[in-house]
There are 2 protein chains.
Amino acid sequence: MTDNLPHHVVIVGGGFGGLEVARQLTSAKIRITLIDRRNHHLFQPLLYQVATASLATSEIAWPIRSLLRRRENVTTLLATVVDANGKTASVTLENGEAIGFDTLVLATGARHAYFGHDEWEPFAPGLKTIEDATGIRRRLLVAFERAERCNDPNERAKLLTFVVIGGGPTGVELAGTIAELAHETLHGDFRNIDTHDACVVLVEAGPRLLPGFKHSLSDYASRALTRLGVEVRLGHPVSQCTSEGVVVDGDLLPASTILWAAGVAASPAADWLDAPADRAGRILVEPNLTVPGHANIFAIGDTAHVVLPGGRMVPGIAPAAKQEGRYVAKVIDARLRGDAAPGPFRYRDAGSLATIGKRAAVVDFGWATFRGRIAWWLWGFAHIYFLIGLRHRLAVALSWLWIYLTGQRSARLITQGRERLADPPAIAPSAPAAAGLDAGRADLEGARDARQ
Amino acid sequence: MTDNLPHHVVIVGGGFGGLEVARQLTSAKIRITLIDRRNHHLFQPLLYQVATASLATSEIAWPIRSLLRRRENVTTLLATVVDANGKTASVTLENGEAIGFDTLVLATGARHAYFGHDEWEPFAPGLKTIEDATGIRRRLLVAFERAERCNDPNERAKLLTFVVIGGGPTGVELAGTIAELAHETLHGDFRNIDTHDACVVLVEAGPRLLPGFKHSLSDYASRALTRLGVEVRLGHPVSQCTSEGVVVDGDLLPASTILWAAGVAASPAADWLDAPADRAGRILVEPNLTVPGHANIFAIGDTAHVVLPGGRMVPGIAPAAKQEGRYVAKVIDARLRGDAAPGPFRYRDAGSLATIGKRAAVVDFGWATFRGRIAWWLWGFAHIYFLIGLRHRLAVALSWLWIYLTGQRSARLITQGRERLADPPAIAPSAPAAAGLDAGRADLEGARDARQ
């Protein structure tokens, strides 16, 4: 019913950037097709809380098509884009189907990067999707379950050692929350282990945590994490990840749970268009966020490398992606109205935030910094505010209030891939594939076995 | 630290029955080991709401060990029991480990039964575990997504046909909620299909729905479902389930989504002990719920066939399992105190409840019956009341309030097993196994691919 509208805008990716474009495009002259391989928009800043059993998956994910239901001119497609072609002005779906566009917006996001060590992935999973989060949650909880059943002290120590690689916001937030999970939430639940023996190690190759923040806040974060019982190792590059643990400075740190928060790489969008890209695969876009040589193709969010006047790069965070999305919508609207094109994209730094457990945080507004409890409340309100919809705000607020008051986390579910607790191979840092196969068995057995 | 306590009670299964035993055993003379293959106690009466995107998984599941954390003499074990032996007085775990007991309580639950047609399972999954529920949720939502992309009218009609087999409470509740999901929640979200075209069929071999209820309520349920747009087919046995659909009375009803709610069979517990069992595998227990020939082994819940004075069998519902658990705890305590054994188990029928969508329900207390809106409120309050813990009550109440006011369901996530929407084989009622393998791929790609 919208096919008669002249201008077709195809948006690939329903993350913060892509969704913002769809929401901000107001021109009546267009029809929009938003394509995402998942049916949900994910609030990634809180994904670590799903991984640590603090929030339920549905509290931070929204069906994209219901977010856009009122936008009559928007069609949402659950599909995977495998190629984009500027000459034919079309994108190709996983089934070979081609979808033509007048304007294309690439907001295809990023995946973890292992700096040429992809073989580490099975042992040190990263955190990008809902499945990553529930998978990590499963690994964390199963490690304690296995320790409870383990009689070999060395093996038990290994099971209770959790290594987080990468000292950025995600790494800091994961490490802090895992420490709270072990020392507070799970304490008293076990009979054969004392969860206070759990050892959480945060390894950062660089000289300080939270490189994006002021030094004073980095130092504060280290101290706050140490208070939570996290062992912070700065200036220690990881040279190896295996089922035995991680090798730091040539020494093996035995650990059965390793989490990767050390880096991301962009989607293959740059390859699709043979566009110039940085080492992480982000397209080096023009000042108006178009792909060089393609005036009608935009790249935003983690797909784009946007240089700031000072030479710094726009950070790969949600607010930046949203600003870029809003800008691109303006440009497209202006073109359709025949107005003068807006000036080059300008990034407004809204500040950086990171939590350290449930009582401390660091907030860097540039013009002012906050730390500790007040920063935590700032962080909390900011994130509740940016959640979409009253219903999710209420649900998340309730979950947080509960954890804050009782220390109990309600999402402590070991689901999918029911590891066979007693035979290490099935668990020993299982590759995502293996985990998936396990999930297969779980599905099968879930349906076949008796519940016991 | 509890090993010095003389009497060891092993409970297999953390469902309603097993958990109740652990909670009610008060004697200081015992230590308890509760073994479950899952880490969570599941509130199965609401599992259909997870399958229909109304509730989040963590809203109806609790970590067993945290439910029992204050019970110093209870050890919770995440393990799978594969055998039980009366002579050696021990149970065997999946890793061969044997655990001795003085008293054993078998509360191992049930699985779906296909009346000798296990080959139907891949095409008509049942609803027993969290994974079953998220798997069914995925199938329901993916069917609409595929229909949105489908141009063949016949294929589209098949994709929009949902068949529920079995007219008991679960079947009635599934059919009603799927109808609401299609006609209310999803309406307006799609551009190429009208979700009002979705066809929900409830097939029951017997002469009426809800056989456990008074006839008047069965009739009311049929009318209420019809009002919701469900096609109710009574007295029609299903003779075949395939990827094409279901065969009813020799006619093929093309449907890509078939759900099984027609029957359950007990766990293999009876085989472990060579105990007398009914056709569904339930142990024919003594009046005091012990297994014939094993005075120190009890069977409760779906594991036991308990005959009522009138000759009827105690129904396989949560309240019955809880009453049996409480009774067994009394018997064990009495034995340890040397008191006279309590009389035979007596079942108090607390009544039967079933919802039909979000505005109607039927309640049969025996001495009184309710229907419609008031019954729905009775049902709602009863279920909120029986949820464990204030936090879950608040969360579920919020979810229901929201659905009631807005019709929007917040748990509409397609997770795990990312079906390739465009190639039917990957989806066409995928066996749980296949779904699992898909989940494997999803995990893998979740971690590897760009989010798009």
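The sequence lines fix the lettering, A, B, ..., with proteins before strands; numbering per chain opens at 1. Given the structure is predicted, the values throughout are model-derived calculations rather than measurements.
Interatomic distance, CD of Glu148(B) versus OG1 of Thr75(A), reported as 7.0 Å (0.5 Å rounding). With rounding to the nearest 0.5 angstrom, the CZ atom of Arg38(B) is 9.0 Å from the CD1 atom of Ile414(A). Separating the CZ atom in Arg409(A) from the OG atom in Ser58(B) is a distance of 13.5 Å, to the nearest 0.5 Å. Here the CD atom belonging to Gln408(A) is positioned 14.5 Å from the CH2 atom belonging to Trp62(B), to the nearest 0.5 angstrom.
Ranked by heavy-atom pairs under 4.5 Å with chain B, the first of Ala53(A), Gly281(A), Ala61(A), Gly389(A) is Ala61(A).
In this structure, chain A has no heavy atom under 4.5 Å from any part of Leu67(B). Using a 4.5 Å cut-off between heavy atoms, Thr303(A) makes no contact with chain B at all. For chain B, the nearby part of Leu68(A) is the backbone; its heavy atoms alone come within less than 4.5 Å.
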Trace of the side-chain contact (heavy atoms from CB on, under 4.5 Å) decision for Thr406(A) with Arg391(B): CA-CA 10 Å; Thr406(A) 69; Arg391(B) 193 239 175 293; over 6 Å; no

Test log, rule side-chain contact (heavy atoms from CB on, under 4.5 Å), inputs Leu186(A) and Arg65(B): CA-CA 9 Å; Leu186(A) 297 182; Arg65(B) 62 172 67 258; 6.0 Å; no

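Side-chain atoms of Glu145(B) and Leu77(A), non-hydrogen and from C-beta on, never get closer than 4.5 Å to each other. For the pair Phe190(B)/Thr76(A), no side-chain contact is recorded, criterion being any heavy-atom separation below 4.5 Å from C-beta on.
No salt bridge links Glu72(B) with Arg191(A); every basic N to acidic carboxylate O contact stays at or beyond 4.0 Å.
Taking every heavy atom of both residues into account, Ser66(A) and Asp189(B) meet most closely at CB-OD2, 3.4 Å. The two residues His40(A) and Leu413(B) have their closest heavy-atom pair at CB-CD2, 3.8 Å. Shortest non-hydrogen contact noted between Leu93(B) and Arg149(A) is CD1-NH2, 3.6 Å.
Side-chain N or O atoms of Asn39(B) include one that pairs as donor or acceptor with a backbone N or O of Arg412(A) at under 3.5 Å.
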